[in-house]
Amino acid sequence: MVSFIRVLVVVLYCLLLPLVPGEGSTRFYKFNVVEKNFTRLCSTKSIVTVNGKFPGPTLYAREGDRLVVKVVNHVHRNVTVHWHGVKQLLSAWYDGPAYVTQCPIQPGRAFVYNFTVAGQRGTLLWHAHVLWLRATVHGAIVVLPKLGVPYPFPAADGDSLLVLAEWWKSDTEAVIDEALKSGLAPNVSDSHTINGHAGPVSACSSSDGFTLVVEQGKTYLLRLINAALNEDLFFKVAGHQLTVVEVDATYVKPFTTDTILLAPGQTTNVLLSADQGGGRYLVTASPFVDSSLVQVDNRTAMATLQYADARASAAALTTAALPPQNSTTTASGFLDALRSLNSREYPAVVPAAVDTSLLFTVGLGLNPCPSCVNGSRIVAAMNNVTFTMPTTALLHAHYFNVSGVFTDDFPGLPPVAFNYTGSGPNNTRTMNGTRLYRLPYNTSVQLVMQDTGIIGTESHPVHLHGNNFFVVGRDTGNYDPTSSPAKFNLIDPVERNTIVVPAGGWLAIRFIANNPGVWFLHCHFEVHTTWGLKMAFIVDDGDGPNESLPPPPEDLPVC
Ligand SMILES: *[C@@H]1O[C@H](CO)[C@@H](O)[C@H](O)[C@H]1NC(C)=O
Ligand SMILES: *[C@@H]1O[C@H](CO)[C@@H](O)[C@H](O)[C@H]1NC(C)=O
Ligand SMILES: *[C@@H]1O[C@H](CO)[C@@H](O)[C@H](O)[C@H]1NC(C)=O
Ligand SMILES: *[C@@H]1O[C@H](CO)[C@@H](O)[C@H](O)[C@H]1NC(C)=O
Ligand SMILES: *[C@@H]1O[C@H](CO)[C@@H](O)[C@H](O)[C@H]1NC(C)=O
Ligand SMILES: *[C@@H]1O[C@H](CO)[C@@H](O)[C@H](O)[C@H]1NC(C)=O
Ligand SMILES: *[C@@H]1O[C@H](CO)[C@@H](O)[C@H](O)[C@H]1NC(C)=O
Ligand SMILES: *[C@@H]1O[C@H](CO)[C@@H](O)[C@H](O)[C@H]1NC(C)=O
Ligand SMILES: *[C@@H]1O[C@H](CO)[C@@H](O)[C@H](O)[C@H]1NC(C)=O
Ligand SMILES: *[C@@H]1O[C@H](CO)[C@@H](O)[C@H](O)[C@H]1NC(C)=O
Ligand SMILES: *[C@@H]1O[C@H](CO)[C@@H](O)[C@H](O)[C@H]1NC(C)=O
Ligand SMILES: *[C@@H]1O[C@H](CO)[C@@H](O)[C@H](O)[C@H]1NC(C)=O
Ligand SMILES: [Cu+2]
């Protein structure tokens with residue numbers, strides 16, 4: 001009898017399989033890039049959006065699905081969209097950074113992005129990758145496990161997205177243009193936001209804030225995204241603990257905390273138990289800054305967690321103390337707790353041997369600029385190279401052997417060794433160039449990124465396109481190639497796509513370069529990217545079609 005039922009179940013399962021939605025299916029989306037007026041902080045401005053939404057629409061996929069997104073540009077600016085953290089195995093043409101993997105989609109034009117989401121599950125984000133458009137052109141990517149595959153943690157009763165970002169009263173392109181003219185740092189934003197809302201603003205007639213409604217006794221999976229341009233954010237729900245289960249669409253060993261830290265580009269899934277006795281609780285996104293050099297927007301974004309009981313809306317709001325803006329202790333406590341799940345189903349396959357060992361300094365510089373305030377301009381660099389964007393796409397130049405677009409001589413070590421985290425050399429100039437680093441297919445890479453004290457130390461959330469990496473080490477001071485590796489975690493280091501190089505410290509990552517293409521590596525503080533804190537790896541083809549980049553799609557934009 002039991003085996004008869006089993007056979008029946010198997011037969012039914014096989015019959016139903018083709019009807020089950022989502023399993024390796026293709027999901028189509030249309031992104032109309034349009035301008036729309038929004039009122040925030042008592043004033044109205046027109047912003048560039050996808051489909052008139054801020055934040056933009058959410059993409060849903062199951063692991064293994066194909067996403068086909070037609071982006072149509074109806075605005076007067078160039079547009080591209082990047083699928084942040086999607087590995088894009090053998091599909092580099094669809095990665096999205098302007099002048100790296102593609103030319104921009106010009107006004108009136110369209111491009112169809114077409115890629116699969118494989119070997120990852122959780123929350124990621126998409127955003128514009130040209131100019132400063134990602135300030136308003138961004139949204140979530142929710143990657144569910146394959147049908148029938150459970151989460152490695154207790155299933156939640158509900159699922160909720162919380163997109164953290166920044167709002168400027170001015171046009172963000174005017175903000176960065178003004179800064180590039182003066183050579184100084186750009187204005188900070190006027191408020192942080194949660195799901196597009198700043199929260200209550202005094203003297204504003206409209207009460208503007210996002211409300212998350214929960215039922216007592218249930219648990220919720222909160223999908224958190226930092227879509228801000230230039231600021232690390234602390235996230236907190238008053239009166240509730242949060243259990244971290246996933247970062248950057250990889251599972252981690254669960255741990256409980258009252259404060260989450262997210263750098264721009266990072267995503268984190270947490271479980272929240274609605275275990276309080278009803279009422280209303282303040283939800284906050286506030287800045288973290290560990291450099292006295294840097295000015296931040298200090299307006300905390302506020303939302304409300306509200307229990308779904310009749311009296312809750314009238315209940316007093318329960319608040320909690322914000323983490324201090326400069327709380328390095330809170331930040332490093334959170335980062336130290338992150339470990340790969342490293343289970344049988346989800347092993348951490350950390351490269352044990354290293355073929356290519358790289359050391360890149362990351363930091364600021366000051367170059368002459370006669371028309372700027374005081375005759376100089378703040379720049380940023382990796383290994384003293386301030387990256388110059390080409391006027392055509394690097395991937396195109398690589399694939400078609402176009403000479404004169406880039407060189408492949410990016411230095412693997414700092415050109416000059418110095419006390420990196422000290423006060424720095426007196427000469428704070430940088431060189432510039434479109435210099436890439438070439439990696440043969442399947443190279444096992446160790447990359448140490450070292451902050452510098454040139455002008456001042458500052459943290460940098462660095463993002464690698466097209467690959468995840470393992471974060472094997474992190475410390476303050478200067479990296480020491482003799483003593484530092486002894487402290488590496490090669491067992492269960494966290495796997496991510498964006499990681500913060502600590503202010504006045506270093507960070508070591510490892511990855512296998514098995515995805516042919518050109519992959520951008522850059523600071524995810526947009527201001528630092530603009531200043532030149534970026535470079536790219538060329539990963540050469542291996543053998544045969546399964547290890548080679550296919551030809552470009554026919555509708556790929558041209559410059
Ligand atoms: C935004 O509002 C301004 C002033 O009312 C108007 O001129 C403009 O056309 C609006 N823009 C959009 C995209 O609706
Ligand atoms: C997307 O790519 C797949 C695989 O190359 C191809 O079969 C499919 O036709 C493409 N779809 C669109 C809409 O371009
Ligand atoms: C930047 O801030 C300064 C000082 O508040 C202000 O005068 C200027 O207009 C701002 N620039 C932009 C582009 O908003
Ligand atoms: C935020 O910054 C402004 C301007 O620097 C300052 O006047 C204000 O007191 C600060 N607010 C808080 C809460 O730190
Ligand atoms: C953080 O800021 C507070 C208030 O400005 C200051 O008293 C404290 O010394 C700072 N802490 C660190 C670690 O910089
Ligand atoms: C420009 O130089 C003057 C004189 O050294 C100094 O007081 C001022 O702070 C400088 N301005 C900036 C923006 O660095
Ligand atoms: C580019 O050069 C490589 C190596 O010389 C060659 O194998 C490849 O076919 C060339 N590609 C094109 C599109 O010309
Ligand atoms: C490097 O600079 C730091 C900070 O100024 C200092 O504490 C350290 O002693 C210096 N190291 C060396 C080797 O000079
Ligand atoms: C920087 O300049 C000062 C004053 O000229 C000099 O004493 C110091 O040695 C220089 N430092 C370095 C690292 O070259
Ligand atoms: C960076 O490059 C500039 C320009 O070549 C040079 O003057 C400076 O000494 C270099 N600095 C370092 C730290 O390598
Ligand atoms: C790069 O450096 C060269 C030589 O110093 C300079 O002429 C050129 O203007 C610089 N280019 C950029 C984009 O900064
Ligand atoms: C859009 O990109 C093209 C190709 O790079 C460039 O020629 C054009 O000036 C850009 N247009 C705008 C409006 O920025
Ligand atoms: Cu940076």
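Every number for a ligand or one of its atoms is a count from 1 in the order of the listing. The structure presented is a predicted model; accordingly, all values stated were derived computationally and were not measured.
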Proximal atoms of ligand 10 relative to Met431 (non-hydrogen, under 4.0 Å): 2 (O)
Atom 4 (C) of ligand 10: nearest protein contact (heavy atom, Å): Thr430 O, 3.8 Å
Step-by-step salt bridge (Lys or Arg N to Asp or Glu O under 4.0 Å) determination, Asp336 to Arg474: CA-CA 9 Å; Asp336 287 344; Arg474 176 172 65 90; 2.3 Å; yes
Protein contact to atom 12 (C) of ligand 8 [nearest heavy atom, distance to 0.1 Å]: Asn419 ND2, 3.2 Å
Numbered atoms and elements of ligand 10 in range of Val416, under 4.0 angstrom, heavy atoms: 14 (O)
Closest protein heavy atom (residue, atom, distance) for atom 13 (C) of ligand 3: Glu178 OE1, 3.7 Å
Sub-4.0 Å protein heavy atom next to atom 2 (O) of ligand 3: yes
Contact check: Asn384 vs ligand 10, nitrogen or oxygen atoms, below 3.5 angstrom: yes
Identity and separation of the nearest protein heavy atom to atom 10 (C) of ligand 3: Asn187 ND2, 2.5 Å
Side-chain heavy atoms of Arg223 within contact of Leu162, under 4.5 Å: no
Arg339/Asp492 salt bridge by N-O under 4.0 Å criterion: yes
Cation-pi geometry met for Lys45 and Trp168 (6.0 Å, 45°): no
Those atoms of ligand 3 less than 4.0 Å from some heavy atom in Ser170: 12 (C), 14 (O)
Residue, atom name and distance, where the atom is the protein heavy atom closest to atom 5 (O) of ligand 8: Gly422 CA, 3.8 Å
Selected option - heavy-atom contact closest to atom 8 (C) of ligand 10, from Thr386, Ile454, Asn427, Asn383: Asn427
Geometric class of the Tyr479/Phe488 ring pair [parallel <30°, tilted 30-60°, perpendicular >60°]: parallel
Short N-O contact, Asp171 and Arg77, less than 4.0 angstrom: yes
Qualifying residue, where the test is side-chain contact (heavy atoms from CB on, under 4.5 Å) with Arg134 and the options are His129, His84, His82, Glu526: Glu526
Close side-chain approach of Asn230 to Asp297, heavy-atom, < 4.5 Å: no
